[in-house]
Novice: 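Here it is: the structure, laid out below.
Chain A is the first sequence line, chain B the second, and so forth, proteins listed ahead of strands; every chain is numbered from 1.
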Amino acid sequence: MISLLILAFTGVALFEVPALIQKKYWRELIVFSLFLLLAFVLALLQTIGVDIPSPLRGIGYVVKDLLHLNYK
Amino acid sequence: MKLEKGEISSSQLMLLTIAFIQGATLVLAFTYGITKHDTWLVVLSGFVISVPFILVYIALAQKFPGKNLVQINEIVYGTYVGILISGLYLFFFFYIAAANVRYIGDFFLTYIMPDTPMIAILVVFIFICALAVRSGIEVIARCSFFLVLITTAIIMLTFVLLLKDMQLTNFLPVFETPLMDFVQGTHIIVAIPFCELLVFLMVIPYCNKIKQAKSSVLLGLIMGVATFITVAFQDVAILGGLVSNMVLPSFASLYYIDIGQFLTRMEIFFAVTLFVTQFLKVSILYYAAVLGTAQLFNLRSYVPLVLPMGIICISLAIALANSTAEHAYLGINIWPIHTILYEFFLPLLTLLIAKIRGLPQKKGGTS
């Protein structure tokens, strides 16, 4: 499963990176790598079964338990 | 440096607006549980309430022609606060995209392919959207014509085929809903489908005739609302009291199509409309998030960010909630309150500050 994931991410990197290097878009390359790293970490955590905290539940906590503004 | 070189015409803007509103037919399922058979009234009142806010968004877009939301924030609030507010907005757009992708996954899992893992559906769906976003807003706008034609035709066709099964007594008694429920239903309708038109602040700048943007967005809104009311009317007239018990009443009402035992099982048509309109809606939101992020980081091209953000979108969509029920609970009771900040408060504040500071300055200055 994890090897499949690594394969998919390598595919994405191979798809985007050569064009960026050819055009000398270094800044774009850095931002792209950061986002891809974030995506990889998230996907890896989900694959090995770690629960990622949902932002929706965080919003729910703020609205419901701190501000008491929710309906019902 | 201009990131997006494409241009869209005002009629394409209108079609995008229609598709964007139609894409939220699923949200009707949220309101059915609260306002039951008065839902069509809720849609009407939601439309009336959302018009002023949409006028605010269009006023913002016309005050800063050729500038999208990220650039407007930077001009109005200055660099640092501007980046903070733009970041909040981009996360908001990205979040809505993920939630819509999640709805698609939930829908397919519940009704059409119960044994498929959700990730398979999401990956395929995001792949199509990524393809559209990579091609730019012009391509999305061009395919909108054909796709809106399909969905509108299907909605009309199913409405006509269902006419013989409709019972108008299902609408009685009118105005029986308690006031608080009515307010909540209206708030959901205003916050989720209609005022999400805020995202068009990222699209309107690429319209070639900015003067006509107002009429085309409003016309698109009216036509979108017309289909919305058609669907709400059809569901209540067919299902009656059942409407509040169904997970997806718009889908279930199409079970009733039966013309001479020959034309039956038409409900898959609803899946087609859903998929098509959600594709356009997610594409616009995804496009806005990617384009805004690229502008925030001062990039020369937004294309490299499309795939990584798509993958994050899938992860987010799966992590959003444990179950459909939890997602629906949070969507009904929490999310509308949270959107007040983005959809009602911040645009008004931006417009007020722009008025007070006399922006955009005509000569010299930052513009």
Novice: How far does CD1 of B:Ile119 sit from OG1 of A:Thr47, to the nearest 0.5 angstrom?
Specialist: 7.5 Å
Novice: For the residue pair B:Pro308 and A:Ala39, what are the closest heavy atoms and their distance?
Specialist: O-CB, 3.8 Å
Novice: Can you tell me which portion of B:Val183 sits under 4.5 Å from chain A's heavy atoms? Options are side chain, backbone, both or neither.
Specialist: both
Novice: With a 4.5 angstrom heavy-atom cut-off, which part of B:Tyr329 approaches chain A: side chain, backbone, both or neither?
Specialist: side chain
Novice: Is the charged tip of A:Arg27 near the ring of B:Phe297: under 6.0 Å from the six-membered ring centre and within 45° of its axis?
Specialist: no
Novice: Against chain B, label A:Glu16 side chain, backbone, both or neither, depending on which of its atoms sit under 4.5 Å from a heavy atom there.
Specialist: side chain
Novice: Could you look at A:Phe9 and say if it's the side chain, the backbone, both or neither that has a heavy atom under 4.5 Å from chain B?
Specialist: side chain
Novice: So which atom in B:Leu320 and which in A:Ser54 form the shortest heavy-atom distance, rounded to 0.1 Å?
Specialist: O-OG, 2.5 Å
Novice: Considering only heavy atoms, which portion of B:Thr293 lies under 4.5 Å from any heavy atom of chain A: side chain, backbone, both, or neither?
Specialist: side chain
Novice: Taking B:Asn298, B:Val306, B:Ile332 one by one, which has the highest count of heavy-atom pairs under 4.5 Å against chain A?
Specialist: B:Asn298
Novice: Where do B:Arg300 and A:Lys24 come nearest, in terms of heavy atoms and distance?
Specialist: NH2-O, 3.7 Å
Novice: Write down the atom of B:Pro304, the atom of A:Phe32, and the distance for their closest heavy-atom approach.
Specialist: O-CD1, 3.0 Å
Novice: Output, in order, the C-alpha distance, side-chain angles, deciding distance and verdict of side-chain contact (heavy atoms from CB on, under 4.5 Å) for B:Met309 and A:Leu36.
Specialist: CA-CA 8 Å; B:Met309 285 184 78; A:Leu36 199 64; over 6 Å; no
Novice: At a heavy-atom separation under 4.5 Å, does A:Leu42 approach chain B through its side chain, its backbone, both, or neither?
Specialist: both
Novice: Taking B:His338 as the fixed residue, which of A:Leu56, A:Ile59, A:Leu67 is the one that meets the side chain to side chain contact (heavy atoms under 4.5 Å, CB included) rule?
Specialist: A:Ile59
Novice: Nearest heavy-atom pair of A:Lys64 and B:Ile334: which atoms, and what distance?
Specialist: CB-CD1, 4.1 Å
Novice: Between A:Gln46 (side chain only) and B:Ser315 (backbone N and O only), is there a donor and an acceptor less than 3.5 Å apart?
Specialist: yes
